[in-house]
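So the structure is just underneath, and the comments pick up after that.
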Number of protein chains: 2
Amino acid sequence: MRTHELVLRQVEADLAAGKLRLGDRLPGERALAGQLGVSRPSVREAIRVLEAMGVVRTAVGSGPEAGAVIVADPGSPLTATLRLHLATSHLPMGDIVQTRVLLESWAVREAAGRAEPDQLAAAGRLLDAMDDPELPRERFHLLDAEFHVALAALAGNVLVSTIMASLREAIHGYVMAAAPNLPDWGSAAAGLRAQHRSVLAAVTGGDGDAAARLVAEHIEGFYRASRLA
Amino acid sequence: MRTHELVLRQVEADLAAGKLRLGDRLPGERALAGQLGVSRPSVREAIRVLEAMGVVRTAVGSGPEAGAVIVADPGSPLTATLRLHLATSHLPMGDIVQTRVLLESWAVREAAGRAEPDQLAAAGRLLDAMDDPELPRERFHLLDAEFHVALAALAGNVLVSTIMASLREAIHGYVMAAAPNLPDWGSAAAGLRAQHRSVLAAVTGGDGDAAARLVAEHIEGFYRASRLA
DNA sequence: TCGATCCTGTGGTCAGACCACACAGTATCA
DNA sequence: TGATACTGTGTGGTCTGACCACAGGATCGA
């Protein structure tokens with residue numbers, strides 16, 4: 001057992017026992033090192049790992065915001081991990097697209113007819129923003145991604161929406177890289193806008209099957225057209 | 001930008017550019033520190049993060065196995081991250097079960113009639129092992145979890161099977177915690193065995209819809225019976 | 001030829017020091 | 001009296017230099 005793993009185990013035990021709760025602050029690095037009888041570098045390595053897992057957030061200075069604060073952010077570590085593994089080319093893009101289709105079609109089917117009105121309205125506002133013909137292309141894709149995350153969140157499953165958010169960020173760069181593969185961006189964008197509207201309409205109207213089918217066609221169609229899949 | 005993040009960025013760039021590939025070794029900590037003009041502790045913190053993400057594996061000593069070797073293991077970091085966040089009680093168990101149902105029913109539907117025979121045989125061997133009436137209960141549940149991971153892997157989607165494998169540990173934890181809630185373990189185990197067999201038979205027989213329905217009923221039934229939902 | 005031995009390079013750990021930063025209390029001045 | 005400037009203090013961030021345990025390869029001896 002390496003020393004920093006001992007620190008990790010201790011922190012995890014405190015979390016599980018309720019001694020450390022969301023918003024609490026870890027003891028200072030020097031204090032923690034003293035309590036556990038290890039050196040400060042070992043404590044720091046453990047904190048780096050916790051940070052990479054989205055369990056703590058660190059900040060310098062003093063005051064209540066400084067130090068290592070317990071947070072609950074499972075999203076960013078998943079995103080970073082996926083990005084790194086995409087960089088090693090050991091996560092096929094096709095699998096990611098397939099997983100997106102699976103998660104999003106399930107989410108809209110679940111959400112159909114029972115999604116919160118304010119969530120639906122928020123998704124609609126994203127589509128309104130994407131109607132701007134002057135919108136830069138990158139901004140369009142960012143809003144697009146945000147809309148899909150919003151769709152996945154409609155079902156109210158934290159794990160599913162977290163996974164979806166992680167996939168979105170990991171993929172965005174590759175979507176932009178494939179931009180030149182779409183021959184006629186103007187008509188492609190118009191098609192995407194129409195598909196988004198029809199998906200949202202199906203969810204609002206309570207037709208889960210139609211929403212699931214439409215969102216699957218929309219995602220697969222885009223990846224085919226941009227030659228990513 | 002903190003110093004260790006600079007190291008991380010550099011390693012990620014090398015991965016994306018193909019300068020670092022699976023099985024390669026990172027330069028030694030001292031060498032890397034010298035190349036990037038940073039100190040050894042900063043390099044070590046970066047390596048800890050990469051290790052936590054399943055991108056490298058470190059070992060002491062000399063020889064080809066020593067040092068920081070590039071690996072592709074997205075599973076263990078996801079597992080660890082989920083475990084930590086479950087410890088903070090910010091991932092509802094119900095969401096995890098729902099996600100299981102989603103992933104596994106999709107996987108068996110996809111796999112029905114076209115799964116690799118050796119994968120099906122491996123899953124069958126897990127069920128054979130679970131037939132032993134002398135099997136300790138914990139061991140039964142471990143094999144159970146293993147079987148479900150094998151089911152999810154049948155579809156051949158790396159991302160889905162990785163997510164499912166990460167959920168395994170979390171699943172095992174809640175199953176064991178709920179163990180006392182099952183009044184009659186003997187008959188319950190018999191029921192689980194029968195359900196497993198019928199799922200696998202449906203997959204082998206190519207009936208995807210039945211397999212999906214059976215696996216969903218199996219998971220949700222156990223969850224209900226053990227009073228976790 | 002084969003065995004034991006030493007050398008070398010690796011990560012693992014530590015102690016101590018200094019810096020930049022942010023807040024809080026105090027001192028200062030208009 | 002009020003606002004402003006200053007200093008103190010505790011935080012994480014970084015670095016240097018050192019020593020240890022370990023594993024493999026090179027060397028040397030029988």
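What's counted below: heavy atoms across the whole structure, side chains too, no hydrogens, waters or symmetry copies. The structure displayed is predicted, hence computed values, not measured ones. Numbered from 1 within each chain, the chains take letters A, B, ... in sequence-line order.
Put simply, CD on A:Glu29 is 15 Å from C1' on C:dA17, counting in whole angstrom units. In this entry the distance linking CG of A:Leu8 with C1' of C:dG12 reads 15 Å, nearest Å. Put simply, CG on B:Leu26 is 12 Å from P on C:dT10, counting in whole angstrom units. Atom CE of A:Met1 is separated from atom P of C:dG11 by 21 Å (rounded to the nearest Å). Between B:Glu51 atom CD and C:dG11 atom C1' there is a gap of 10 Å when expressed in whole angstrom units. Computed from coordinates, the A:Arg40 CZ to D:dG10 C1' distance equals 11 Å when rounded to whole Å. We find that CD of A:Glu5 is positioned 16 Å from P of C:dG11, with the value rounded to whole Å. Nucleotide C:dT13 holds its P atom 10 Å from the CG atom of A:Leu6, rounded to whole Å.
Judged by distance alone, with hydrogens and angles left aside, A:Arg30 brings a side-chain donor or acceptor within reach of the base of D:dG12, the pair sitting under 3.5 Å. Side-chain atoms of B:Arg48 and base atoms of C:dG12 include no donor and acceptor less than 3.5 Å apart.
Residues A:Glu65 and A:His4 each lie close to DNA chain C; by heavy-atom proximity, the contact nearer the 5' end of the strand is made by A:His4. Nearer to the 5' terminus of DNA chain D, by closest-nucleotide assignment, is the contact made by A:Ala59 (compared with the other of A:Ala59 and A:Pro41).
Donor-acceptor pairing under 3.5 Å is lacking for the side chains of A:Arg44 and A:Thr58. For the 3.5 Å distance criterion, the side chains of A:Arg100 and A:Tyr223 qualify, holding a donor opposite an acceptor.
For A:Ser42 and C:dC14, the shortest distance from a side-chain N or O to OP1 or OP2 is below 4.0 Å. One finds a side-chain N or O of A:Arg44 lying less than 4.0 angstrom from the OP1 or OP2 phosphate oxygen of D:dG13. Using a 4.0 Å cut-off, no side-chain N or O of B:Ser62 falls inside it from OP1 or OP2 of D:dC22.
Residue contacts shown for B:Gly63 are limited to sugar-phosphate atoms, with no base heavy atom under 4.0 Å away.
Within the 4.5 Å cutoff, side-chain heavy atoms of A:Trp106 are placed close to those of B:Gln98.
A ring-centre distance under 6.0 Å is found for A:His218 and A:His148.
In terms of heavy atoms, B:Leu91 sits closest to B:Leu86 at O-CD2, 3.4 Å.
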